[in-house]
Structure formats: structure tokens, C-alpha cells
There are 2 protein chains.
Amino acid sequence: MDSEVKYWYLRNHKLFWVLNNMQLKQLCIITGFKKAKKGDIIYLFPSDAPKIYFLKKGNIKIASIDEDGHEITKEIIQKGDLFGELSLDTSIKSNEYAQALTNDVTICSFLLSDFEALMEKHPGLALSYTKFVGLRFKRMSSNYSNLIFKDARSRLIYFIKDWAIREGVIEGEKATVMNYLTQQDIAQIICTSRQTITQLFNDFEEEGLLHYNRKEIIVLDLRKMK
Amino acid sequence: MDSEVKYWYLRNHKLFWVLNNMQLKQLCIITGFKKAKKGDIIYLFPSDAPKIYFLKKGNIKIASIDEDGHEITKEIIQKGDLFGELSLDTSIKSNEYAQALTNDVTICSFLLSDFEALMEKHPGLALSYTKFVGLRFKRMSSNYSNLIFKDARSRLIYFIKDWAIREGVIEGEKATVMNYLTQQDIAQIICTSRQTITQLFNDFEEEGLLHYNRKEIIVLDLRKMK
DNA sequence: CAAGAAATGTCGGCTGCATGACATTTTTAA
DNA sequence: TTAAAAATGTCATGCAGCCGACATTTCTTG
């Protein structure tokens, strides 16, 4: 990959806004480049050097399996997001992995060590990164709170609204989201059973809150979704 | 508070190990100092400048209340821990607050802005801080996973073992923890009802796993606690 | 296009645990 | 020291939602 392209990938990420164009052009820390199709597993912790990943195209999920074989989806990563060992801590081996949810996944990666070296030189970047990671954590933490307190219906509503706002096409109070998740996927995200998801979508449809099919989800009125 | 004392508080926190003694002595960023007794509420988000807190003595909990009046305890903070707006993000107002669990709570605080300025000057500190926050979050995340997947009994066992290991006096496989939490407190931590906690402690006692009273909890065999 | 695989729809039984109600014990504060 | 408050113990009831079982629909792949 030529350095001009690398430049643009990073330039478009707000994390690197603290660097001016000159600095950015000199970086070119992207070292890896990978494509994946739906269902492919991407291991985040290769035996060699730890990396940070950057999703250029498509959607992936970060998941893990506990000792009981329970699979949970921790995050949905979207175009432009960073993922991997964001905490910069490589001591504890996590059992997390990433899986492509769409067919056109493109991932860039750079070495954690390169990134750390970069931050040493640019304190602004370090600060900016810290805030960035902090925000991400906050978001996850709020998701967890939701899981614990609300019932399945509220959780699904919260998830759909969030999804619609983050990725959907909004027209007034109507939102249309491209649905690249199966009901099983959604069940794993909001920690309920597949059957409950089916039931809830049918309920929502009956109540006139949304239209659901395998291709897209149309929320008819965001205000009424609660 | 004289600068010699401030120096020691920070010196003992591993976050500041990346700074050498000279740098540290020049800092003296601690600006606040507060004492609290059992039950006192400490508001984390004063109307003036955002702060980061450092628990010098005692135990506190970080909790929040959702719109349904549900109270959850998010973390138990122990001597030496940092708390407050660790994500450095002050844009969203959180509804979190801290409450003293013991009678001899001492809290130091410093201004977020001072800390940020410090990180600008010392990229190593920023890096170290990011790792620190990452670790904290990882811990929280594992707690949440536990809440979501395991039943109340497993959650309580996990909590007690963790508590014993973090704070208890361990002799071989026996562990003794000073019990500064009410059953209500524990219920809020592992997200169950007070009655369930009572029942479980009685079960554990019957099964010969531990001795419980209001002053201390003695785990008879850590290996058998599972 | 056909056959197998994957995703969705539907039902009923079962259970962990929340919830309320109340008794008893311990602590706190006057 | 004593009354009120807080913490703990015990029980009966109800229900959200998990789980297994199976049917139907849709997608994938040779």
C-alpha cells in the first residue's frame, strides 16, 4: 500500500486530527491490510506483535465465549472505528475475537509498539487517544448497565434506537437501518434468547412501531420507540 | 497540606512511577482534601472544575440511580484507587455519586485540567494512564459479564472470592475479610435482592463453605468456593 | 433448479428470583 | 437505658424469559 493511501485512512480518523498534515504524512504506521467475508473469524491476538486495528469497510462484531460455552457479543464495530487491545495492555490474554458480519470487510492494522512510539513523540496524540478510549469505555459501560436493569423488551428498543441513530438513514422521526444482523446476532448482543427476539420483533410490528425484515429495519417513529 | 505530603500520596500510586522523583516533587497537583464518615455522599461532579479523586483511606462505593429509582453499585473503591471522571470526558453529565462505606474515609483530589496539562508534558504519563484506565475498565467489564451470565449464587461466590483475594487476610486456603458491607450493599453490587443474599449466606453457612457475621466473613476453603 | 443449510416463527413447561409482608435481631442515638 | 431505626431471617406468590421441540420460510451452493 502506498503512503498516500495510508495517509488518507488515518487523516479521516478524528484521533489523528491533533496532528498536522506534515506529521501525518511522515507516519505511515499502517503495516497490515486484510479482507474478510461474512462469518470469517479475525483473531485479534496473533502470536507475534500486538496490533491495533482499524475497520475501513464493513461491519464486524467483537465477541467472546465463556467457560460454559456462552457466547456474548461485546461490541459492534463500524466503518472508521478502531478496535483491538485499545487499553494498550498486553499482559492478560483475552478470549475475544472478531467476526465479520458483512461480506465486504476491510481491515487495516498497525503495530501497538509503533503507535506507542508515536504517542511518546506527540503528547497531544496520547491525550487525544486517552480520551478516545475513555469514551469508548463509557459507551460500553452504559451498554452493560442497560443489560442488567432493563427487561428484554427495553433492551431491544434501546439497541434498535441506538443502531438507527448510529447507522440509519433518518428522515424526520423515521429511520431506516440496513439489517446485517440475524436475530441470533441481536440476541447475543442484548443477551437474551433467539426466541425472545423473534417474539419482540413481531410484537413491535403488531404495535405499529416498526417494519422488520431480513434486509432492513424501518423504525416508523423514533419518539414512540420506548 | 504541605508539598512533602502530597509528594508521598502520588509517589505511592503506581500511575506516577513513570515520573522520576524530581518531576514528581515539582507537581504537587493535589488541591483538595476531604474526610467523610459512613453513609456520607460525596458528589463527584461539583459545579466548578472537574476533578479526579484519590482514595487515601477507607472504602467507598461508586453508585448511580436510574430513572426507575433502581440503585446500582458500580464499583467498590479501595485505598489507593483513583476514581471520578477517569475517561477525561466532561461533556456528558453522569448521575454517579460516591458514598462512604466505612467511617474513616479520606479523599484527595486534583483538577482534571492540571492532570491533563501534566500529561501534555509527560507522554509517558499519558500512556501509563491509558493503560491504567484500560485495566480498570477490563475489570469492570469482567464484572459485568459475570452479572449477565451467571445466576445469583455464582455471582455471590465470585464476588466473595474476589473480595477475599483483594482485601482479605489469607492463610493457606482460608481467608478472612473485614465485612464493612451490609447485605443490602452486596445485593446492589451483584444486582439481586436483599432476601436472596440472606438466603445464599445461610446456604453457604450450612454447606460449610464460610462463616458469616456482621463483622467479618471467613471463607473456610477458597478452592471449594465455586 | 434442487436439496441442504440457515434463519425465523410458535408453543408450552419450567424455574430462578423479585417482590411484598412480616418477625426477629442488632445497632444507633437520644 | 431505652425507644426508634436499621439490618437480617423466613415464607408464599407471581412472572419474565429460558429452553427444548418442531414447523415453516428463506438463503446458499453445487
Side-chain angles (χ1 to χ4, degrees), chain A residues 37-40 61 66 68-73 99-103 146-160 178-207 210-217, chain B residues 37-40 61 66 68-73 99-103 146-160 178-207 210-217:
Chain A
K37 60 180 201 300
K38 196 169 182 174
D40 286 359
K61 68 175 184 185
D66 68 6
D68 312 330
H70 236 124
E71 183 175 339
I72 185 185
T73 298
Q99 185 170 23
L101 293 169
T102 51
N103 252 325
N146 249 281
L147 283 181
I148 291 164
F149 287 122
K150 317 263 184 193
D151 62 12
R153 184 188 160 96
S154 311
R155 271 154 31 208
L156 182 54
I157 286 177
Y158 173 86
F159 171 74
I160 294 172
M178 200 193 68
N179 179 19
Y180 51 84
L181 297 170
T182 66
Q183 296 188 358
Q184 177 65 52
D185 287 335
I186 297 175
Q188 277 166 7
I189 293 167
I190 69 164
C191 290
T192 186
S193 66
R194 202 258 315 152
Q195 294 92 321
T196 301
I197 297 289
T198 304
Q199 197 51 61
L200 285 171
F201 269 123
N202 292 344
D203 290 352
F204 292 159
E205 191 95 38
E206 252 183 56
E207 293 169 32
L210 51 73
H211 293 313
Y212 168 89
N213 66 50
R214 296 183 191 202
K215 298 286 180 205
E216 62 182 8
I217 296 174
Chain B
K37 61 179 200 299
K38 196 169 182 172
D40 286 358
K61 68 175 183 185
D66 67 8
D68 312 331
H70 233 123
E71 183 175 338
I72 185 187
T73 297
Q99 185 170 23
L101 292 169
T102 51
N103 250 325
N146 249 282
L147 284 182
I148 292 163
F149 287 122
K150 317 262 184 192
D151 62 12
R153 184 188 161 96
S154 310
R155 271 154 30 206
L156 182 53
I157 286 177
Y158 174 87
F159 171 75
I160 294 172
M178 199 192 69
N179 178 19
Y180 52 84
L181 296 171
T182 66
Q183 297 188 356
Q184 178 66 51
D185 288 335
I186 297 175
Q188 276 166 6
I189 293 167
I190 69 164
C191 291
T192 186
S193 67
R194 203 256 317 149
Q195 293 92 322
T196 300
I197 298 290
T198 305
Q199 196 51 58
L200 285 171
F201 269 124
N202 291 346
D203 291 351
F204 291 158
E205 191 95 38
E206 253 182 56
E207 292 168 32
L210 53 72
H211 292 314
Y212 169 89
N213 66 50
R214 296 185 190 202
K215 298 287 180 207
E216 62 182 10
I217 296 174

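Naming convention: chains lettered A, B, ... in sequence-line order (proteins, then strands); numbering from 1 in each chain.
The base of D:dG9 sits within donor-acceptor range of the side chain of B:Arg194, with an N or O pair under 3.5 Å.
The backbone N or O of B:Lys38 lies less than 3.5 Å from a partner atom in the side chain of B:Asn103, making a donor-acceptor pair.
The phosphate of D:dC18 (OP1 or OP2) has a side-chain N or O of A:Thr192 nearer than 4.0 angstrom. Phosphate proximity of D:dG9 to B:Gln183: present, with a side-chain N or O under 4.0 Å from OP1 or OP2.
Atom CG in A:Asn202 sits about 16 Å away from atom P in D:dT24, given to the nearest Å. In this structure, B:Glu205 places its CD atom 11 Å from P of D:dT10, rounding to the nearest Å. At whole-Å resolution of the value, CG in A:Leu147 and P in D:dG17 are 13 Å apart. Distance A:Leu200 CG to D:dG17 P: 8 Å, rounded to the nearest Å. For A:Arg214 and C:dG9, the CZ to C1' distance is 10 Å, given to the nearest whole Å. Whole-Å rounding puts the B:Gln184 CD to D:dT8 P distance at 9 Å. Rounding to whole angstrom units, NZ of residue A:Lys150 and C1' of C:dA18 are separated by 17 Å. C:dC17 atom C1' lies 9 Å from atom CZ of B:Arg155, rounded to whole Å.
Here B:Thr182 lies in heavy-atom contact (under 4.0 Å) with sugar-phosphate atoms only. Contacts of A:Gln195 with the nucleic acid, taken as non-hydrogen atoms under 4.0 Å apart, include base atoms.
Place A:Thr196 and A:Lys215 on DNA chain D by their nearest nucleotides, and A:Thr196 ends up nearer the 5' end.
Atom CD1 of A:Ile186 sits about 10.5 Å away from atom OG1 of A:Thr73, to the nearest 0.5 Å. Taken from CG in B:Asn202 to CZ in B:Phe204, the straight-line distance is 10.5 Å, to the nearest 0.5 Å.
Of the N and O atoms on the side chains of A:Gln199 and A:Asp203, at least one donor lies less than 3.5 Å from an acceptor on the other residue.
Of all the heavy atoms in B:Ile72 and B:Cys191, the pair that sits closest is CD1-SG, 3.8 Å.
Of the candidates C:dC17, C:dT8, D:dG17, the closest approach to any side-chain atom of A:Thr198 belongs to C:dT8.
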